[in-house]
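Just below is one structure, and these are the notes that go with it.
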Amino acid sequence: MASNFTVECMDCGHQAPFFAGTPSCPQCGSFWREARYDYAELSKTLLPLLQRRPFDLWRYRELLPVRSPNPDLSLGEGGTPLIRATNLGMMLGCPNIFIKDERQGPTASFKDRQAAVSVASLKEAGIQEYVIASTGNVAISYSAYAARASIKLWAFLTSLVPAAKMREVAIYGTQVIKITGSYDQAKQVASRFATQKGIQQDLGARSIPCIEAMKTISFEIAEQLATLLGPEPGTNGKEPTPLHAPDWYIQAVSGGMGPIGVMKGFSELQQLGWTSSSPRIAAIQAEGCAPMVHAWKQGRDTAAPVQSPHTLIATLATGDPGRTYTVLRQKMLDASGGAFESVSDEEAYRAMHFVAKMEGLSVEPAAAVAFAGLVKLVRAGVIKPSETVVVNCTGHTMAIESNVLGDGWSRDIVLPSSTAVAGEAIEEGLLAALSKVATDRFPRILIVDDNADVRRLIRRILQSQGDYTLYEATNGREAVEMAQKERPNLIILDLMMPEMDGFAVMERLQTSSETAEIPVIIVTAKELTQAEKERLKGHIQKLMQKGDFMSDDLSDEVRALLR
Ligand SMILES: Cc1ncc(COP(=O)(O)O)c(C=O)c1O
Ligand SMILES: [Zn+2]
């Protein structure tokens, strides 16, 4: 922590030194305060220091409210990868989508930052017992850090939290109190308990350590984007800056702490002169519990509480965001704007599937809400193809809830018991069982495109949505040969290919009775002229524009044509 670090009251402006044991303003009693540092001084000294430090959250220690970080409490928090979402980017036609993989925190969610800094600051203040209310992940993270710091933790959890998460909280030795009711009710009970027992409680977005912890996400993103994309160029007469802010930061939101912290982080980077802009924030809520989205869209600065959240995504079930929404909205309006959007549980579950199948990341439903929001905002034209977007992948899926997968996600093979039959019989049993999972009973689809990335993308989309036997052809001639040899049930055809283009392929297929009936979907980047459209008329089943269709559009079309 920097020596000249103070906290300023957002209500009366009073400045006071920070002490974790005194969470409110000594002058007016307000809990809404913000940390302030000497940015002019730090802008001169900190950057060279960073270059020598490991990539974790404590590399920014001069900008955190902990006097001397104790390595014995650390679990390796922060320093998560920023991954380019190549396939998702290709599907959406946005080449600069990045995923901040917060699943890689010690307990697999971004709340590890908050817990690490909060618990470190509690420990410094000599606090030995603490109360939290949680929709799951906060309780898990605090439990892990409290265990290391020997702080006794009371966790009040809504009964909506999946049992696997509750057990995870308990294994760290936390006292778990399950409240049969909403998360807001669990918070009220926790608060009453804390007051009654005289134990300090977590104040969420009103807590200095929580907000300060969350801002490290912005610092890391700006450093990582500078490595991946280069420093920000100096535009409009501005000097180039050493770090690089994205155009958008997207996060699934419940209480709203993450975006407030992240905005503060980007604002500090500008004050330090390390970036020239801050991203717009896209805060995404679950449709059945979206008080902030409703208020934002109605232009209101207070959010009407949702009394009974209707979402299976318990992690995001804050029905009453209170003043956090007002603060967040004001900050967004003061900065470069942003968006609040909601998505349905189904959209989030679909996003879980495509993020796993296209990018190799298994994310929890709450994290998937951000990805579903990304799709919605790109489709609506709010996020532009040229913009740099960072999606916070806030948490890893645990013990996948059955409603996400539905039925039929596994193929079961029952082998004859080895004691009952011997030798050849076992072999036969195995072959018989495997024949059931043979691929040739699946519809056959030929993908024709000279661009390997496009073939790969289409393959991934199809594989993620059903069982198909897929063939690929890299040019027109190969496509015609394969169509004749393999007789696919469907062809997905590119138009612009060297030598023999898609038009010529179509015409050749029409000349043979064996291939003339095969349905064709054209996937093209080309703006077709009227004459070209005429040429295709009657010969193709569907025309799709590259970068403009979603995985669902393509697979719905494929399913319909194969029916
Ligand atoms: C995985 C995950 N994503 C998103 C959120 C929403 O975070 P917040 O609204 O506090 O920024 C949470 C909150 O617990 C979470 O656990
Ligand atoms: Zn005050």
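In listed order, ligands and their atoms are each counted from 1. Below, all heavy atoms of this structure are taken into account, side chains as well, without hydrogens, waters or symmetry copies.
Lys100 places no side-chain N or O within donor-acceptor distance of the main-chain N or O of Thr394, the cut-off being under 3.5 Å.
Ring pair Phe340/Trp296 is tilted by interplanar angle, where 30° to 60° counts as tilted.
Judged as a salt bridge (charged side-chain N to carboxylate O under 4.0 Å, His left out), and not counting sequence neighbours, Glu77 has no contacts.
At a cut-off of 2.8 Å, His14 is not counted among the residues with an N, O or S atom near the Zn ion (ligand 2).
Contact analysis puts Ala252 in contact with ligand 1, with a non-hydrogen atom separation below 4.0 angstrom.
If you check each of His396, Lys111, Arg103 against atom 14 (O) of ligand 1, the one with the closest non-hydrogen atom is Lys111.
In terms of N/O distances under 3.5 Å, ligand 1 is approached by Thr394. Between Ser254 and ligand 1, at least one pair of N/O atoms sits closer than 3.5 Å. Inclusion of Gly255 in the set of residues having an N or O under 3.5 Å from an N or O of ligand 1 is warranted. In terms of polar-atom proximity, defined here as any N/O pair under 3.5 Å, Gly258 does make such a contact with ligand 1.
For the side-chain hydrogen bond (donor to acceptor under 3.5 Å, both in side chains) criterion with Asn137, the lone passing option out of Glu364, Lys111, His396 is Glu364.
With ligand atoms numbered from 1 in the order given, ligand 1 contributes 11 (O) to contacts under 4.0 Å with heavy atoms of Pro259.
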